[in-house]
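Hydrogens, waters and symmetry mates play no part in the numbers below; they use all other heavy atoms, side chains included. Just so you know, ligand 1 is whichever comes first in the structure, and atom 1 is the first atom listed for that ligand. Owing to the predicted nature of the structure, the values given are computational and were not obtained by experimental measurement.
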Amino acid sequence: TILILDFGSQYSHLITRRCRERNVYAELMPCTTLIKDINFKPKGIILSGSPYSVYDKDAPHVDPTVFKLGIPILGICYGLQEIAWNLGGEVTKCDHREYGFAEIQINKIGGGESVDALFEGLGEEMQVWMSHGDQLSQPPPDFHVIGHTKTAPYAALAHNTKPLYGIQFHPEVTHSPRGKELIAKFVLSICKCRQNWTMEEFIGKEISRIRDICGQRGRVIGAVSGGVDSTVAAKLMHEAIGDRFHAIMVDNGVLRLNEAQQVNEMLNRDLGVNLTVVDASELFLSRLEGIEDPEQKRKIIGNTFINVFEEEAAKIEAAADEEAKAGAAAKGRVEWLLQGTLYPDVIESISFKGPSATIKTHHNVGGLLKDMKLKLIEPLRELFKDEVRALGRLLSIPVPLVQRHPFPGPGLAIRILGPITRDQVKILQHADSIYIEEIRKANLYDQISQAFAVLLPVKAVGVMGDQRTYEQVIALRAVQSEDFMTADWFVFPADVLRRISSRITNEVAGINRVTYDISSKPPATVEWL
Ligand code: XMP
């Protein structure tokens, strides 16, 4: 295991992922964690970046015991400065904050041909990503320079005898193309971690863990949405306890076209999961009718979801109670609630909050069902999304589903920019299905992280035959993103866009114009509301 101590950088979770990608288990903890409180023995520690300056009066500092453990330590950016601060080096403010690409030259050791183990095989120079306001002006005693840039003479350091390393740049971001390899060098060659973190291993262990928790009796209920996380969690529960697990899908009326039916076929028929689909679309749509304010839309959907889910859960509980009374073969009462919590949600709640609060991602609709008095079971809470996908493939979940783009809990409601009406939902469902169908036909679906159509509340002039038309506008959005904290718009081949636009304007009544959103995040967000 690699322990990543988080000083509040927005990239900390990426360090964790880079280790996991090499099948090395890595866990992130706040930088304030005391070594004596850690209940495992890390083989190496990585100190993350931070929005702080080491000399700030409220700057976070690592438990100095880490330097006495004798295990390898890699400091990244602030992590390097933290090593220097602790071990007698000097850090000063740069004249200008350095942000962007830099070229790092790898130093030869002692005038010979070899380079430090951290850089072995990575070439003589590397493009790296910098984002810092401070830098080292004096390395601590007994450290030597292993890499430098034009502006940072001490861009990478190593201790003369101990496995202590510091680098000024961020190897964890994709803008440092060989950064992944560098992290792999650290965890594999220097820390000598075993590569035993695989989903094959995880499945077996997790199924036994679930069986241990759930015992011989007792049922678990959980909501499914058709998304990857809830599907994988549901299938895993099914593998562990069969039909003592009961999935509930709520059709909220603002799903994609035919979504509820497709999920039903796939989960129930193909995967054998015990599933009830509740068609509550009328209830949702009547509560949403005419609502324009996005927060109100979210609130109505969240609350209504809880109402419907609880009602359905109560039915299952009542049936289970009846059965329990009836005798020995009973599967027990409903005792647990399944949640598809992923590791990024866990990180979000434990990571060190720097002065610039972390950029918030969103909660799934429903959130924790606080009043349900059920125990929580969260089989995916150690996993990143790509790991959940790998797990899904191992569980024989069909590939198109495993690769599915995320879909927000409030669904199409936050993609209808004006007031919600049944008619507006239909228009958007239709346009969206054409858009996604054409993306799939062009074989682009897997290159895109998320694609969807947005219905704008404005009307524009058009012409059809000899008639002028005055109809609504569809905006198309497609982004590529690693973690949805930042995103770039996707560059479509022109002919694909042309086909999509022509189909939507021809086939969807009420639309006479299609635009493509070319904004990146930041400053825009992925969704329009
Ligand atoms: P933004 O728009 O914040 O989106 O750049 C980032 C990711 O979050 C999803 N998203 C939501 N998911 N409820 C959700 O369950 C929401 O209210 C919500 N808003 C945005 C969005 O689809 C993207 O994947």
Side-chain angles (χ1 to χ4, degrees), residues 10 13-14 222-233 249-256 259 263 284 287-288 291-306 309 339-349 357-369 380 384-386 388-389 401-417 420 428-429 432 435-436 439 445-456 475-490 517-529:
Q10 56 167 318
H13 66 291
L14 290 176
V224 290
S225 64
V228 188
D229 309 340
S230 63
T231 305
V232 171
M249 176 169 187
V250 176
D251 181 350
N252 61 12
V254 283
L255 301 176
R256 286 190 152 137
E259 180 101 324
V263 173
F284 278 89
R287 291 188 184 174
L288 285 168
I291 304 291
E292 189 168 354
D293 176 62
E295 284 318 304
Q296 222 184 331
K297 289 175 180 174
R298 285 190 169 89
K299 213 180 253 165
I300 291 173
I301 293 180
N303 291 340
T304 310
F305 177 87
I306 292 177
F309 186 85
Q339 292 258 301
T341 318
L342 299 196
Y343 197 50
D345 308 329
V346 177
I347 289 182
E348 166 70 19
S349 61
T358 34
I359 302 163
K360 196 109 187 66
T361 49
H362 302 270
H363 313 284
N364 281 327
V365 160
L368 286 179
L369 301 168
L380 310 180
F384 284 107
K385 193 90 172 183
D386 50 337
V388 175
R389 293 204 158 107
L401 203 147
V402 169
Q403 294 303 115
R404 223 155 176 221
H405 296 170
F407 186 69
L412 301 185
I414 54 166
R415 294 173 181 173
I416 292 171
L417 264 52
I420 296 182
L428 183 55
Q429 279 178 329
D432 183 75
Y435 183 36
I436 300 298
I439 288 176
Y445 190 85
D446 292 344
Q447 292 176 40
I448 298 170
S449 308
Q450 196 172 9
F452 54 88
V454 178
L455 182 56
L456 304 188
L476 304 175
R477 183 90 165 121
V479 296
Q480 286 178 312
S481 171
E482 194 162 5
D483 54 11
F484 294 101
M485 308 250 277
T486 61
D488 287 324
W489 56 277
F490 180 71
D517 180 354
I518 50 168
S519 336
S520 57
K521 173 182 180 177
T525 51
V526 176
E527 301 287 348
W528 277 47
L529 280 186

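- Below 3.5 Å of separation, one finds no N or O of L529 facing any N or O of ligand 1.
- Using a distance-only test at 3.5 Å, with no hydrogens or angles considered, no donor-acceptor pair links the side chain of T304 to the main chain of I301.
- Here is the list of ligand 1 atoms found below 4.0 Å of a heavy atom in P410: 13 (N), 14 (C), 16 (C), 17 (O).
- Scanning K297, E527, R298 for the heavy atom closest to atom 22 (O) of ligand 1 points to E527.
- Atoms CD1 and CZ, on I420 and R287 in that order, are 14.0 Å from each other to the nearest 0.5 Å.
- Of the candidates I414, D517, I416, D517 is the only one forming a side chain to side chain contact (heavy atoms under 4.5 Å, CB included) with W528.
- Taking the six-membered ring where the residue is Trp, Y445 and H405 present parallel rings, their angle staying beneath 30° rather than reaching 60°.
- For ligand 1, none of its N or O atoms has an N or O atom of I414 under 3.5 Å away.
- Residue-ligand proximity, G409 to ligand 1, at heavy-atom distances under 4.0 Å covers atoms 13 (N), 14 (C), 15 (O).
- Residue Q450 has at least one N or O atom closer than 3.5 Å to an N or O atom of ligand 1.
- Salt-bridge annotation for D229 and K385: present, with a side-chain N of the basic residue lying under 4.0 Å from a carboxylate O of the acidic one.
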